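First up is the structure itself, then whatever we jot down about it.
Just so you know, these numbers use all the heavy atoms, side chains as well, and skip hydrogens, waters and symmetry mates. This one's a predicted model, so the numbers in the text were calculated from it and none came from an experiment.
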Amino acid sequence: MNSMTSFIKKNLKQSSMVIALVLITLLFQVLTDGTLLKPLNITNLILQNSYILILAVGMVLVIITGHIDLSVGSVAAFVGAISAILMINMEMNPVLATIICLAVGALIGAWQGFWIAYVGIPAFIVTLAGMLLFRGLTLVVLQGQSIAPYPESFQKISNGFLPDVFGGTDIHILSIIIGVAVSLILIGLEIKGRNNQLRYNFEVGSKGLFYAKLVAIFAVVNTFTYVLATYKGLPNILVILFAIIVAYTFVMKKTIIGRHVYAVGGNLKAASLSGVQTKKVTFGVFVNMGVLAALSGLIFAARLNAATPRAGNLFELDAIAAVFIGGASAYGGVGTVVGAVIGGLVMGVMNNGMSILGLGIDWQQAIKGLVLLVAVAFDIINKKKS
Amino acid sequence: MKSESTILEMKSITKEFPGVKALDNVNLKVVEAEIHAICGENGAGKSTLMKVLSGVYPYGTYEGEILFKDQLCEFKDIKQSEDLGIVIIHQELALIPELSIAENIFLGNEQARKGVINWNETISKARELLNKVGLQESPNTLIKDIGVGKQQLVEIAKALSKNVKLLILDEPTAALNENDSENLLNLLMELRTQGMTSIIISHKLNEIKKVANSVTIIRDGQSIETIATADITEDRIINGMVGRSLTNRYPERQPNIGETFFEVKHWNTYHPIQSERQIVKDVNLHIKKGEIVGIAGLMGSGRTELAMSIFGKSYGKKTSGEVYKDGKQLDLSTVSKAIKEGIAYVSEDRKEYGLILMNDIKENISLASLNKIASKNVINDSKEYVVAEEYRTKMNIKTPSVNQTVGNLSGGNQQKVVLSKWMFSEPDLLILDEPTRGIDVGAKYEIYTIMNELASQGKGILVISSELPEIIGMCDRIYVMSEGQITGEVEKADATQEVLMKYMTNSRG
C-alpha cells in the first residue's frame, strides 16, 4: 500500500513538468486567440529555441556533475565569429568549416575542463573568466562588426526544411510518415519496457493508464507533425535536435558513461573510490559542453545569417534556467536530458506567447525570473514533503 | 545520589509515520542526576523518542505525555525545550568548522548588547566553560583545527552555556577513539556529581556498563524494560535488544587457511598536503587465502591511510612500495586498476565515501562493476535488477525493493549495500575499514557471518577496527600499527586486549 502511493508520487513528480508545459501552452493558446499553436508559429518556436535547447542538453550534464558553465553564450558567439571568418571571408567549404568550428568548441571545452577537473578551480570562476575571455575574443575576431551573409547551404541548417520526396502539394507527406513512424517506435519501446518490468515483477501502473499513455503519445506526436506538415514540413533543425535528445537520453540513461556522470555529481568521493575516473568524467563533460555550445553558435549564426558581436548574449542564463526548471538539482547528481528540454520549452513557449501578446522585453524578463523561482521552489517544497 | 526525584517522565508515547508506527506506547522515567542509557537496535526508535522529547516533532504530532520536573510539556519546537534546559547533542556534530571554539559555543546565544557582540565577555565565559569540560584549547582556536574528540567537548560546553538540566547525547563516542571516549565518559560522570542528568544513546555496551545508572531498552518501537545499576550486564542488554540471547557475538568458523597470495612490501606514503609528513612507514604485510587479518591501532596510527594508499593510491603523496598477488607484482596506480586486480575497499565512512545516498540500491551495488552488467558500454537494466535482487536476498537487506533510495535505509542496511557492491566486484582481497561502526548488534552478527563466508571461499580479508573485542573475536592474525609503523604481529591464540594495547601505544623509534 505504502509502496503504491510512493509509486504514484514518483510518477506524478516526473510528469509534473510535462503538465506544467501543457498548462502554460494552453494558457497562451487561449490568451493569443489560437495564434500560439498555428503551424507557422510552431515552426518559429522550434527555430527560435533550438540553440537554447541544445545548450540546455549540454548544461544538464554539467549541472548533474555539480558544476555550472557561464561561458556558453560567449563560446557560441566566438565560434559563430570563427565560422563567419572561415565561410564568408575565406570562402571555405561549409561542411569543413562546420567541422573545424565544432573542434574549436571541443578545444575551448578542454581548456575550461582542464582548469576545473585537473587544477580544481571552481567551475563558476573558470567559466566566468571564459565568459569574459571569449566575448572579448569574439570582438577581436569580428573587429567589432557583423559579418554576413553565409553561403545558402549553411543557412539551410537553421532555415531549411526536409524536402518532400513524395511531392505532396498541400501537405508535406514525408513529415506525416515520419510522425507515424516515430510514434510507433515510441509506443513499441513503451510496450517493451513495460513487458520487461512485468517480467521482473516491478510495480507498474494500471493497464488503463498505460493504454491512455500510448494513445496520448500517438496523438501528440502525430498532431504535431501534421500541424507542421500543413506548413512547410519538418525543419532540418528539428531533426538535429531530435537526434541530439535521443542520443543524450540514451547515453545518460543506459550507458556506463552516463552512470558515471550521475555518480560524480551524486557523491564525488564515493564515485572515485568505486573506480570512476572522476577527473576524466568532469573534463569530458566540459568538452562536450564546448562542442554543443559551438553547435548552438553555428545554428544561431545560420539563423541570423550573420555573425554578430552580441550573439549568444545571456544564452547561458536561459540554458541554466531551462535545466533547473526541468528538475535538476543545484547540488548535483539529479537531472534529466528530457527534463532540461521540457524546461527549455517552458521558457520558449512563454517567450513566444508573451511576444505575440505584445509584452515588452522588460516584463518578459521579470516574468521569466519569477517562473524560474516558482518552478524550483515547487520542486524543493515537494521534496521536503516526501 | 541525593534524592531519588524523577526529573523526566515520558508516558505512553506513540508516534506514527505514514504506514509505520515508530513508537508504540513507550515509557521512560529518568531520575535526577543520573546517567540514563537508552539501548536498542538501529531503527528501534531511540532517535525518534529523543526527537519527540526535544520538540523536533512538535506537540500534537505524537500521542502521550511528557512531564519535565512535574510540569506537563507541550513543545512546539526545539527552542522551547532548550529554554527548559533540555539540550540534545546529535551524532553528527553541529559545529561550524571555520568559526572559533568561542563563537561556536555561543552560536545563537551570542553574548551581545543590542546586537553588538561583547568579545571580552564571550572569550572569558568560553574559557570558563572549557575549564569545566577539561578542554585545554584557546577559545580562539578554529573548530576545524581540533579533533573530533575535542569537538565533542565543545558541544558539551555549548550545552552547558545554555544552562542545561538534561543533556541528551546521541552516540557520543561513535567517532571517538578509546582515549577520547574515556575522557568524555569521565566528564559525564563528573558532571553527574554536580547534579546534571544525562540521557545517552549508545551501541557500546561496555561504556554503558561503565557509566549508566539505569538502562532503558527499546525494541521495535516499544520500551521493553528498564534495568537498574546492579543488574546491568552486557548479556542482559543484548538479550533485551534482540529479544533473544546471542550466546556468541562472533559466529563460529572453521578457518581453512591456504597459502600466502597477497603481499605488501616496504610501503610508504606521505601526507597529501604536508608532504614532508610520513604517514605510513615501511609497512610489510601478507595475507593468506581464506585468512581474516586484522589491523589494530589507535586513530591516527595510519591504518586507514595504509589501506587507502594501497587501494589505487586514493590517499597520500609520494607513495612507494611493492604489492604482489600470487607472486606477480601489481600496478595499483588508480582505483579502477586496483578493482581490476581484485582488490576491494569498504571505507570507514559509508555515507561520505561509500554510497551515493540519492541513488537507489541497485545503482549503488552496480557502480564499481558496471562492466559486468553492460555490453559495449550499454547497461542492461534487467541484469542490474536481477543482480541487485540477488544481493538483497543473500545479504538480507531489509527493504521492500532494490529501487529504494539508499539514503532511506538504516545504517546496518546501508553497510550491507556497500558490502554487496564490493562482493559483486568479486575481489580476491576485501579490505574492510571499520565495517561495523554505528550499526546494531544484530546487523553486526550478520556482517561477521558474511566475512566468514567470504573467507571460506578462499578470499583474503583485511579488517581495520577500533573495537578490540571485534578484532580479537574475528581475526586469525592481527597486525598492530602505531605512528605509521607495524609494531606487532599477533596470532589469534595470543591475542588479548592487553597485548594489543601494548603494541598500539608503543612506538618503535
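If you measure heavy-atom distances from B:Glu389 to chain A, you find no contacts under 4.5 Å at all. Using a 4.5 Å cut-off between heavy atoms, B:Tyr353 touches chain A through backbone and side chain atoms alike. Heavy atoms of B:Val386 lying under 4.5 Å from chain A belong exclusively to its side chain. For a residue to count as touching a neighbouring chain, one of its non-hydrogen atoms must lie under 4.5 Å from one of that chain's; by this rule A:Val276 touches chain B with the side chain only. B:Ser425 does not touch chain A: none of its heavy atoms, backbone or side chain, sits under 4.5 Å away. With a threshold of 4.5 angstrom between heavy atoms, B:Lys337 does not approach chain A through any atom at all. Using a 4.5 Å cut-off between heavy atoms, B:Asn380 makes no contact with chain A at all. Residue B:Ser314 touches chain A through its side chain alone, counting heavy-atom pairs closer than 4.5 Å.
Looking only at side-chain heavy atoms (C-beta outward), B:Ile379 and A:Lys254 stay at 4.5 Å or farther from each other. Side-chain contact between B:Ile356 and A:Tyr262 is absent, with no heavy atoms from C-beta onward closer than 4.5 Å.
Across every non-hydrogen atom of B:Gly354 and A:Ala270, the tightest pair is C-CB, 3.8 Å. Nearest heavy atoms, B:Ser336 versus A:Gln277: OG-NE2, 3.7 Å.
The backbone N or O of B:Glu352 lies less than 3.5 Å from a partner atom in the side chain of A:Asn267, making a donor-acceptor pair.
In terms of heavy-atom pairs under 4.5 angstrom with chain A, the leader among B:Leu367, B:Ile373, B:Val418, B:Asn364 is B:Leu367. Across B:Ala374, B:Ser369, B:Ser382, the residue that shares the most heavy-atom pairs under 4.5 angstrom with chain A is B:Ser382.
The distance from atom CD1 of A:Ile256 to atom CG of B:Asn377, rounded to the nearest 0.5 Å, is 5.0 Å.
A 6.0 Å sphere centred on CZ of A:Phe210 holds more than 12 heavy atoms belonging to other residues, nucleotides or ligands. No more than 12 heavy atoms of other residues, nucleotides or ligands sit less than 6.0 Å from atom NZ of B:Lys76. In the displayed structure, B:Lys325 atom NZ is contacted under 6.0 Å by more than 12 heavy atoms of other residues, nucleotides or ligands. Counting non-hydrogen atoms of other residues, nucleotides and ligands closer than 6.0 Å to NZ of A:Lys280 gives a total of 12 or fewer. Atom OH of A:Tyr331 has 12 or fewer heavy atoms from other residues, nucleotides or ligands within 6.0 Å.
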- Message: Quick one, A:Leu273 with B:Phe311, criterion side chain to side chain contact (heavy atoms under 4.5 Å, CB included). Give me CA distance, side-chain angles, the key distance, then yes/no.
- Response: CA-CA 8 Å; A:Leu273 280 178; B:Phe311 187 63; 4.0 Å; yes

- Query: After noting the C-alpha distance and the side-chain angles of B:Leu370 and A:Arg259, does the key distance pass the side chain to side chain contact (heavy atoms under 4.5 Å, CB included) rule?
  - Reply: CA-CA 9 Å; B:Leu370 285 169; A:Arg259 199 54 79 72; 3.7 Å; yes

- Pair A:Lys253-B:Asp381, side chain to side chain contact (heavy atoms under 4.5 Å, CB included): steps then yes or no: CA-CA 10 Å; A:Lys253 278 216 157 125; B:Asp381 294 338; over 6 Å; no

